[in-house]
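This report concerns only the one structure given below.
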Amino acid sequence: MASGQLSRAGALACSGCRHACHVMLYCDTKTQLFGRIPIRHIILMQMRFDGLLGFPGGYVNPSEETLEAGLSRELLEELGVALPISAEDHVDCCHAPASSPSSTSRLITHFYVKKMEEEQIKEVEKEAASTATDHGQEVLGMVRVPLYNTKNGGGLAPFLSHSFIGNARSQLVDSLLRLDMIAPEELHKALAHSLKIHT
Ligand code: GTP
Ligand code: MN
Ligand code: MN
Ligand code: MN
Ligand code: MN
Ligand code: MN
C-alpha cells in the first residue's frame with residue numbers, strides 16, 4: 001500500500017464517510033484485431049448516464065451490507081449478473097477529491113479487480129445489454145478498453161482522452177501497469193498522445 005492511501009479497515013473506521021465500490025472485470029484473450037493486432041485482454045468499462053466512462057459498481061452503505069455484498073448488488077443492477085466479489089479482490093481505496101478546495105470529501109471510493117474467463121466476460125456483456133435493470137438508464141452500455149496503439153495513433157491514446165468519472169482513469173492506468181497488461185513505454189506513449197488529442 002502506498003503512503004497516503006487508506007486501508008480497507010481504516011476506511012471502514014471513518015464515521016460519517018460514504019462509500020462507493022467499483023470493479024475492473026477483465027480476462028485474457030488470444031483474439032487479434034484485423035487478424036494481426038493482439039487484443040491481449042478484455043477489460044470492461046461502462047459509458048455512464050452522465051456521458052463519463054467509469055467502472056461498474058456504486059454506492060454501498062456498510063451499515064446495511066458488506067462492501068463486497070454491496071458491490072455485487074450494484075453489479076446485478078448494472079450488469080444483470082450476480083458476481084461474487086471477495087475482500088481479496090479489494091485493491092485500494094481513497095478519499096474522492098473534494099468538490100471545492102475548502103471542503104473535505106466524505107466519499108471514499110474502493111477499487112476492486114477481478115480476473116475472469118473469456119466466456120464469463122462475454123456472458124456479462126450479453127446480460128448487461130439485455131437483462132440488466134440499469135441498461136439504457138444509469139448505464140448506456142459496456143465498452144472494452146483498446147490496449148493497443150495503431151500506426152495512425154488510434155487505440156489506447158484516444159480512449160484515454162475521453163472524460164472519466166472520479167479517478168477511474170488513473171484506476172485503469174495503474175491497473176494496466178500493476179497487472180503488466182501493457183509495456184510501460186507503450187502506456188507512456190499513449191498517455192502523452194492522449195493529452196494532445198483535444199488541444
Ligand atoms: P445511483 O444508483 O445513482 O446512486 O448510482 P450508483 O450507486 O451506481 O453510484 P455510481 O456508480 O455513480 O458511483 C457513486 C460515486 O462514485 C460517483 O458519483 C462518483 O463520484 C464515484 N464513481 C463512480 N464510478 C467511479 C469509478 O469508476 N471510479 C471511481 N474512483 N469513482 C467512481
Ligand atoms: Mn470491419
Ligand atoms: Mn448503480
Ligand atoms: Mn454505478
Ligand atoms: Mn446505487
Ligand atoms: Mn441506481
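Reckoned from all heavy atoms, side chains included, excluding hydrogens, waters and symmetry mates. In what follows, residues are counted from 1 in the order of the sequence shown. First listed ligand is number 1; within each ligand, the first listed atom is number 1.
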Below 4.0 Å from any atom of ligand 1, is there a heavy atom belonging to [X]?
{"X": "Glu78", "result": "yes"}
{"X": "Ala96", "result": "no"}
{"X": "Glu77", "result": "no"}
{"X": "Leu52", "result": "no"}

Test side-chain contact (heavy atoms from CB on, under 4.5 Å) on His41 and Ile182 and set out the steps. CA-CA 10 Å; His41 306 279; Ile182 185 170; over 6 Å; no

Hey, is Asn167 touching ligand 1 through its side chain, its backbone, both or neither, going by heavy atoms under 4.0 Å? both

Which bit of Gln171 gets closer than 4.0 Å to ligand 1, counting heavy atoms only: side chain, backbone, both or neither? side chain

Please lay out, stage by stage, how Leu172 and Val145 fare under the test side-chain contact (heavy atoms from CB on, under 4.5 Å). CA-CA 9 Å; Leu172 170 65; Val145 178; 4.1 Å; yes

Looking at ligand 1, does any of its N/O atoms fall within less than 3.5 Å of an N/O of Ala20? no

Test of proximity, Gly54 against ligand 1: N or O pairs below 3.5 Å: no

Which residue and heavy atom of the protein sit nearest atom 18 (O) of ligand 1, plus the separation: Tyr59 OH, 3.4 Å

With a 4.5 Å cut-off on side-chain heavy-atom distances among I, L, V, M, F, W and Y, is there a chain of contacts connecting Leu187 to Phe159? yes

N, O or S from Glu77 under 2.8 Å to the Mn ion (ligand 6): no

Does any non-hydrogen side-chain atom of Val23 lie less than 4.5 Å from one of Glu74? no

Side chains of [X] and [Y]: do they bring a donor and an acceptor to under 3.5 Å?
{"X": "Thr29", "Y": "Glu118", "answer": "yes"}
{"X": "His110", "Y": "His90", "answer": "yes"}
{"X": "Ser194", "Y": "Arg169", "answer": "yes"}

What is the name of the N/O/S atom of Glu74 that is nearest to the Mn ion (ligand 5)? OE2

Full working for ring pair (Phe, Tyr, Trp, His ring centres under 6.0 Å) between Phe55 and Tyr112: CA-CA 10 Å; Phe55 291 99; Tyr112 293 75; over 10 Å; no

